[in-house]
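One is the number of the first residue; the rest follow in order along the sequence.
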Amino acid sequence: MNERSAAPGGLALVESLVNTVDLADGADSLDTEKGRARLGITAGELAEARELRESLRAALLAHAGHPPHRAVTPLGDLLARAPLYVAVDAGDGSAALAPAGDTALLSRVAAAVAEALLAGTWMRLKACEAVTCHWAYYDRSPAGRGRWCSMRVCGAREKMRRYRAKGA
């Protein structure tokens with residue numbers, strides 16, 4: 001649905017995870033081995049990945065000023081369980097949060113969110129306002145007030161609804 005370019009840095013992972021399901025038709029790429037492999041998860045991690053996805057979607061809706069799409073586990077509760085450590089590069093001394101131990105999806109998402117917080121980009125990752133969409137997108141508008149993943153699709157539909165509601 002989204003014609004926008006991918007979110008910067010680690011937010012691309014978050015955006016990709018949220019966009020694994022098409023709410024309009026229910027198609028979920030996590031149902032396929034290929035879709036799970038793209039995110040580095042197994043069938044056994046599917047329930048946790050879906051819980052994380054919907055908690056992320058609720059947070060991204062909040063970034064756009066909208067209520068959660070349904071009851072979810074608060075994102076902060078999920079991310080609090082993610083083991084992370086501070087990785088320091090021996091060459092240049094730079095530091096970053098990194099997943100501890102394995103590369104579990106939860107830890108990778110937590111590291112991406114932390115990176116985005118530091119970069120000031122976390123609040124620009126949003127979910128589309130359209131209730132049949134809620135697709136994640138990175139808002140690159142100057143004022144940070146983007147509302148839809150696509151002006152040509154979701155934005156146009158909403159504008160047409162408003163026009164028709166006026167009785168024009």
Side-chain angles (χ1 to χ4, degrees), residues 1-84 97-117 119 121-141 146-158:
M1 174 89 50
N2 193 341
E3 75 249 1
R4 298 173 185 254
S5 56
L11 285 181
L13 169 65
V14 175
E15 181 180 46
S16 181
L17 173 59
V18 172
N19 292 344
T20 57
V21 66
D22 184 336
L23 297 179
D25 66 12
D28 188 343
S29 68
L30 296 181
D31 288 337
T32 68
E33 189 173 329
K34 182 180 178 182
R36 290 187 299 273
R38 260 187 342 106
L39 293 170
I41 62 171
T42 66
E45 298 167 311
L46 194 52
E48 293 86 5
R50 285 185 170 135
E51 178 183 34
L52 178 58
R53 174 182 68 195
E54 297 313 315
S55 293
L56 284 164
R57 186 182 319 280
L60 302 187
L61 281 165
H63 289 177
H66 304 294
H69 60 302
R70 63 182 174 101
V72 297
T73 304
L75 183 59
D77 292 354
L78 293 176
L79 295 181
R81 300 190 305 228
L84 298 173
L97 282 177
D102 62 8
T103 57
L105 181 61
L106 179 62
S107 293
R108 290 185 288 138
V109 166
V113 170
E115 171 192 314
L117 282 170
T121 57
W122 171 238
M123 296 299 287
R124 290 259 180 172
L125 190 62
K126 299 178 180 182
C128 182
E129 180 177 300
V131 295
T132 57
C133 181
H134 292 323
W135 203 255
Y137 68 94
Y138 189 77
D139 183 1
R140 287 184 167 80
S141 67
R147 300 173 61 184
W148 301 287
C149 65
S150 167
M151 275 306 297
R152 290 188 303 200
V153 180
C154 293
R157 286 178 185 156
E158 182 57 30

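Of all non-hydrogen atoms in Ala6 and Glu15, the two that sit nearest each other are CA-OE1, 3.4 Å. The minimum heavy-atom distance between Ala27 and Asp25, with the atom names listed, is N-OD1, 2.8 Å. Heavy atoms only, all atoms of each residue included: Leu61 and Cys128 are closest at CD2-O, 3.9 Å. Across all their heavy atoms, Gly35 and Leu30 have their closest contact at O-CD2, 4.2 Å. The heavy-atom pair separating Arg38 from Ser29 by the smallest distance is NH2-OG, 3.9 Å. Gly10 and Ala112 make their closest contact through O-CB, 3.3 Å (heavy atoms, listed as atom of the first residue, atom of the second, distance).
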Taking it one step at a time, do Asp22 and Asp28 satisfy side chain to side chain contact (heavy atoms under 4.5 Å, CB included)? CA-CA 6 Å; Asp22 184 336; Asp28 188 343; over 6 Å; no
Between Leu56 and Leu125, does a side chain to side chain contact (heavy atoms under 4.5 Å, CB included) hold up when you go through it step by step? CA-CA 10 Å; Leu56 284 164; Leu125 190 62; over 6 Å; no
As a quick check of understanding, evaluate side chain to side chain contact (heavy atoms under 4.5 Å, CB included) for Glu115 and Trp122, giving each step before the final call. CA-CA 8 Å; Glu115 171 192 314; Trp122 171 238; over 6 Å; no
Kindly indicate, with the supporting measurements, whether the criterion side chain to side chain contact (heavy atoms under 4.5 Å, CB included) is fulfilled by Ser107 and Leu84. CA-CA 6 Å; Ser107 293; Leu84 298 173; 4.3 Å; yes
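Asp31 and Arg50 are joined by a salt bridge, as a carboxylate oxygen and a charged side-chain nitrogen come within less than 4.0 angstrom of each other. A salt bridge links Glu54 with Arg57: the distance from a Lys NZ or Arg NE/NH1/NH2 to an Asp or Glu carboxylate oxygen falls below 4.0 Å.
Checked by atom type and distance alone, the side chain of Thr132 never pairs as donor or acceptor with a backbone atom of Ala24 at under 3.5 Å. Using modelled atom types, no side-chain atom of Arg36 and backbone atom of Ile41 make a donor-acceptor pair closer than 3.5 Å. Between the side chain of His134 and the backbone N or O of Ala127, no donor-acceptor pair lies under 3.5 Å. With hydrogens and angles disregarded, no donor-acceptor distance shorter than 3.5 Å links the side chain of Ser55 to the backbone of Leu52. Here the side chain of Asp139 pairs no donor or acceptor atom with the backbone of Arg124 at under 3.5 angstrom.
Between Tyr138 and Thr121 the shortest side-chain heavy-atom distance falls below 4.5 Å. Taking the side chain as every heavy atom from C-beta outward, Ser16 and Leu39 approach each other to under 4.5 Å. When side chains are defined from C-beta on, Leu105 does not count as touching Glu45, because their heavy atoms never get closer than 4.5 Å. At least one side-chain heavy atom of Pro8 sits less than 4.5 Å from a side-chain heavy atom of Arg140.
One distance of note links NE2 of His66 with NE2 of His63; it measures 12.5 Å at 0.5 Å rounding.
Between Asp77 and the choices Leu79, Leu75, Thr73, the side chain to side chain contact (heavy atoms under 4.5 Å, CB included) rule is met once, by Thr73.
Looking at Arg53 and Thr20, their side chains do bring a donor and an acceptor atom within 3.5 Å of each other.
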